[in-house]
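Not measured: the values here are computed from a predicted model. Order of listing sets the numbers, starting from 1, for every ligand and every atom in it.
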Amino acid sequence: MPTVNVMPADAKKLDEIIKSYENKQGRVLGVLEEAQKLNKHNYLPEETINYISSKLNVPLSRLYSIVTFYSFFNLKPQGDHTIIVCRGTACHTKGSKSLLDDIAAMFGGTKELEGGEPSFTTPDNKFTIRTVACFGQCALAPVVSIDGVIHSNVSPPQLRRLVDKTLKGRK
Ligand code: FES
């Protein structure tokens, strides 16, 4: 169990969350989920995980195995917008690699993606770019999701328009 050296800024709110899950099933998962929502960049900082570990009396190793198992948990700050490019076979065949290359050209992050990282976030925290193995919509390849909205048969010019609209706050 960690000794909490660095108190998270939102310790008070974390205490309330932990209290609200007292004697509830799925307590650990629930607390982690709510704790992530507290963070404006939608992730679980190290001090938050340490704090939860000490308060719930759950080993850090268990918390990290949960957080790394579920894809909706993040250990790094996330962008205001999320772009997910499908890299499954059908999408690859229909050009998803060039979509990803275009995104890398727009936002940087080429190194991260080429280095095998599944995602990167722009330094201004505006966009997080992820890849996924398959959206289950192979007939619509190539598929890109922007802020949870699925776009099908996406071409590079269309992708640029979608990113532009997202930046301007239009749907
Ligand atoms: S391979 Fe892209 S949706 Fe299935």
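- Residue side and main chain included, Cys91 places an N/O/S atom under 2.8 Å of atom 2 (Fe) of ligand 1.
- Taking 4.5 Å as the limit, some side-chain heavy atom of Tyr70 sits within range of a side-chain heavy atom of Leu29.
- The pair Glu16-Lys13 fails the salt-bridge criterion, with no side-chain N (NZ, NE, NH1 or NH2) lying under 4.0 Å from an Asp/Glu carboxylate O.
- Interface of Cys134 with ligand 1, defined as ligand atoms under 4.0 Å from a residue heavy atom, comprises 1 (S), 3 (S), 4 (Fe).
- When distances to atom 2 (Fe) of ligand 1 are checked against a cut-off of 2.8 Å, Cys86 contributes an N, O or S atom below that limit.
- Under the 3.5 Å distance criterion, the side-chain polar atoms of Thr82 are left unmatched by any main-chain donor or acceptor of Thr128.
- In this structure the side chain of Ile146 never reaches within 4.5 angstrom of the side chain of Lys165, judged on heavy atoms.
- Near Gly88, the atoms of ligand 1 lying under 4.0 angstrom from a non-hydrogen atom of the residue are 1 (S).
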